[in-house]
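This one's a predicted model, so the numbers in the text were calculated from it and none came from an experiment. Note on naming: letters A, B, ... go to the chains in the order of the sequence lines (proteins, then strands), and numbering restarts at 1 for each one.
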Amino acid sequence: MRDRLTSIDPAAVAELETTDDTPDHSLPPLPNIEEYEQVRMRLAPNPNAPYHLGHARMPAVIGTYKERYDGWMLCRFDDTDPETKRPDLAAYDQILEDVAFLGFEPDEVLIASDRLELYYDHARTVIDAGGAYTCSCPAGEFSELKAAGEACPHRDTPIDTVNKEFEEMVEGVVSSGERVLRIRSELGHDNPAVRDWVAFRMVDTPHPRDEAKSYRCWPLLDFQSAIDDHLTAVTHIIRGIDLQDSAKRQRYVYDYLDWTYPEVVHWGRVKVDEYDVPLSASSIRELIEAGSLAGWDDPRAPTIASLRRRGIRGEAITAAMVELGTSTSSAELSMSWIYSNNRDLIDTEAPRVFLVREGRPFDLEGATSPAKVPVHPDHDDRGVRRLDPRDGVLLEPADVPALGESVWLKGLGCVVRGEDDILSLTDDGIEVVRDGSVDVIHWVPQGDTQPVELRRPTGTVTGLAEAGLSSHGTDTMVQFERIGFARIDEQTEQTVAYFAHR
RNA sequence: GCUCCGUUGGUGUAGUCCGGCCAAUCAUUUCGGCCUUUCGAGCCGAUGACCUGGGUUCAAAUCCCAGACGGAGCACCA
């Protein structure tokens with residue numbers, strides 16, 4: 001068919017191929033976009049810790065949709081729990097930096113703890129509409145009533161009383177645990193998660209932000225987020241499956257206020273392979289406080305800051321998150337995906353360097369001049385590294401040949417191992433490598449080296465690199481040949497490098 | 001216990017709405033070949049999947065029923 005068309009009209013074939021159905025984006029289209037003038041979305045981070053890998057999904061996916069639909073993106077810090085999920089003042093900026101690192105810029109930034117009066121106002125409207133009541137049941141008791149589908153005695157409180165009692169909450173004359181404001185939904189609702197949920201509660205602990213430290217009456221996510229989504233004209237809510245029942249609860253608020261609920265997309269759980277540390281801000285924090293991790297950017301931590309320090313580009317992470325899509329089923333993210341993306345990004349620029357870990361010294365006989373090895377095998381114009389083996393070489397223990405066996409020292413030639421740790425150059429040509437009988441290994445000259453500390457997710461190793469390593473500046477990505485790519489983190493009398501990936 | 005959601009190779013994803021062109025896409029991983037004085041990259045190739053059982057149909061990954069398995073929620077957390 002195609003062959004026939006080619007013979008009749010080659011231009012038509014070319015057009016078929018360019019307009020082909022290959023999508024530019026791997027993300028599924030957002031629902032009902034034609035009904036909105038502009039696609040408006042929000043990131044809703046809780047600023048209680050810097051981002052970990054799981055958090056990256058939100059900015060990566062929403063940011064990609066923003067670019068695709070020329071949409072609008074809000075970053076709204078949902079910091080309405082001064083106690084259990086106590087905000088970390090440093091995290092607000094760190095999260096914004098993490099988002100920028102992933103490649104996106106919010107069109108607007110809002111902080112929920114600046115907006116309490118707004119939430120109170122809307123609560124008053126809901127109360128007047130008969131949509132909420134104050135309740136002083138202990139949490140456990142209410143939970144039992146709820147499970148049974150029965151009303152608590154406060155459900156019939158007159159609106160005037162509810163108003164008065166809510167104002168007391170706002171004024172802060174009520175203490176934590178004494179009273180809450182509940183949204184009236186349906187006690188007979190099939191889903192117990194939806195029945196008369198809490199919209200506001202008292203928190204005795206002051207908020208860490210000065211702007212908010214005097215408030216004691218705090219909204220819960222379902223209420224705060226519901227109000228803000230409407231006020232900022234969000235059209236598409238994109239979030240995790242853990243909030244799947246949230247929409248069902250929030251719709252009651254929207255009904256009382258006569259608003260229309262946005263479109264919702266939920267994605268499933270993500271797990272990441274290769275890490276022993278769980279993908280949870282609280283676990284990471286515990287490990288840091290216990291001293292098991294050096295900080296949020298420890299190479300063993302599954303955080304954005306850590307990947308960044310290892311020289312993983314934000315684009316590589318974003319691409320993997322986008323590839324993960326928005327399926328509601330659980331997914332496992334392979335780090336190899338991110339590594340593969342990153343290799344594409346850094347391979348051309350990364351200079352090659354020899355690093356020998358736990359080197360074993362050998363004398364070398366027969367060498368008459370320094371070896372020349374390319375800085376980058378694909379770019380001759382970047383020159384060569386000169387390594388002089390005449391004072392002996394260091395080899396990695398795993399590379400040392402057995403007595404009488406040969407190896408090929410990269411850039412130098414074939415050597416055979418004799419008695420007394422002496423290597424002798426042979427006159428073998430490269431054919432011995434081609435036919436597979438001799439392995440090619442890296443090496444460094446004894447006495448002309450730069451000490452290296454290589455910090456990896458699996459632990460730190462030390463070694464000696466060729467002296468030229470010291471000429472590369474901080475942040476340079478190098479490839480330690482046969483070991484992998486690493487980012488130079490610190491250059492002093494020794495080099496500290498963070499391992500990225502093979 | 002109640003409610004909701006999901007299940008395509010090791011991993012992720014396309015296809016499922018509107019059954020046939022699906023002996024199932026693309027990527028990653030692993031393995032092999034070519035090339036390359038390493039690794040990586042590049043090129044070529046291989047391995048590998050429709051949860052199970054019924055039903056409807058000329059035809060089912062796709063529709064229906066049942067089951068299994070997995071995930072989420074039922075917080076005065078987000």
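Below 30°, between 30° and 60°, or above 60°: for A/His376 and A/His379 the angle between ring planes is above 60°, a perpendicular geometry. The aromatic rings of A/Tyr254 and A/His230 sit perpendicular to each other, their planes meeting at more than 60°, with 30° as the lower class boundary.
A donor-acceptor pair under 3.5 Å is formed between the side chain of A/Arg195 and the backbone N or O of A/His189.
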Tabulate protein N/O versus nucleotide N/O from nucleotides 69-71 of chain B, keeping only pairs under 3.5 Å, one per line.
unit_1: B/rG71; atom_1: O3'; unit_2: A/Arg269; atom_2: NH1; d: 3.4

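Atom OG in A/Ser340 sits 9.5 Å away from atom CG in A/Leu345 (nearest 0.5 Å). Separation of atoms CZ (A/Phe480) and CZ (A/Phe485) is listed at 11.5 Å; rounding is to 0.5 Å.
Closest to the A/Arg482 side chain, of the nucleotides B/rU13, B/rU11, B/rU38, is B/rU38. Comparing B/rC39, B/rG73, B/rG40 by their nearest atom to the side chain of A/Asp347 picks out B/rG40. The A/Val440 side chain lies nearest to B/rU38 when the options are B/rU38, B/rU13, B/rC76. Here B/rC77 is the nucleotide among B/rG12, B/rC77, B/rC74 with the atom lying nearest to any side-chain atom of A/Arg201. The A/Asp190 side chain lies nearest to B/rU3 when the options are B/rG40, B/rC74, B/rU3. Distances from the side chain of A/Leu243 to the nucleotides B/rA78, B/rC74, B/rC39 place B/rA78 closest.
Using a 4.0 Å cut-off on heavy atoms, the residues of residues 336-344 of chain A that approach RNA chain B are A/Ser336, A/Trp337, A/Ser340, A/Arg343, listed by number. Within residues 136-145 of chain A, the residues that have a heavy atom under 4.0 Å from RNA chain B are, in order of number, A/Cys137, A/Pro138, A/Ala139, A/Ser143.
Atom CG of A/Asp245 is separated from atom P of B/rG6 by 14 Å (rounded to the nearest Å). Between the P atom of B/rG10 and the CG atom of A/Leu333 lies a distance of 18 Å, rounded to the nearest Å. Distance CG (A/Asp228) to P (B/rA78): 13 Å, rounded to an integer number of Å. Separating the OH atom of A/Tyr119 from the P atom of B/rA78 is a distance of 11 Å, rounded to the nearest angstrom. Between A/Lys85 atom NZ and B/rA78 atom P there is a gap of 7 Å when expressed in whole angstrom units. In this structure, NZ of A/Lys146 is placed 18 Å from P of B/rG1, rounded to the nearest angstrom. The CH2 atom of A/Trp197 sits 15 Å away from the C1' atom of B/rG73 (whole-angstrom rounding). At whole-Å resolution of the value, CZ in A/Arg76 and P in B/rA78 are 12 Å apart.
Looking at A/Asp378, its side chain comes within 3.5 Å of the base of B/rG40 through a donor and an acceptor atom. Taking only distance into account, the side chain of A/Asp242 never meets the base of B/rG73 through a donor-acceptor pair shorter than 3.5 Å.
Two residues are said to be in side-chain contact when any heavy atoms from C-beta on lie closer than 4.5 Å; A/Val272 and A/Pro302 fail this criterion. No side-chain heavy atom of A/Met321 sits less than 4.5 Å from a side-chain heavy atom of A/Thr64. Between A/Pro401 and A/Phe362 there is no side-chain heavy-atom pair separated by less than 4.5 Å.
When each of A/Asn191 and A/Glu323 is assigned the nucleotide of RNA chain B with its nearest heavy atom, A/Asn191 is the one assigned upstream, toward the 5' end.
Taking the centre and axis of the six-membered ring of A/Phe142, the NZ or CZ atom of A/Arg182 falls inside the cone set by 45° and 6.0 Å. Cation-pi geometry between A/Arg385 and A/Phe354 is met: under 6.0 angstrom from the ring centre, within 45 degrees of the axis.
Across all strands shown, nothing is found opposite B/rC18 as a Watson-Crick or G-U wobble partner with both distances under 3.5 Å. Of the nucleotides present, none pairs with B/rA24 by Watson-Crick or G-U wobble criteria with both distances under 3.5 Å. B/rA68 is paired with B/rU7 under the Watson-Crick or G-U wobble criterion, all donor-acceptor distances under 3.5 Å. If you check B/rG73 for Watson-Crick or wobble pairing at under 3.5 angstrom, you find it paired to B/rC2.
Salt bridge status for A/Asp78 with A/Arg115: absent, with no side-chain N to carboxylate O gap under 4.0 Å.
Nucleic acid contact class of A/Gly240 (heavy atoms, under 4.0 Å, all strands): none.
Test A/Lys146, A/Arg155, A/His154 against A/Asp196 for side-chain hydrogen bond (donor to acceptor under 3.5 Å, both in side chains) and you get one pass: A/Arg155.
For A/Tyr119 and A/Phe223, the ring centers are positioned 6.0 Å apart or more.
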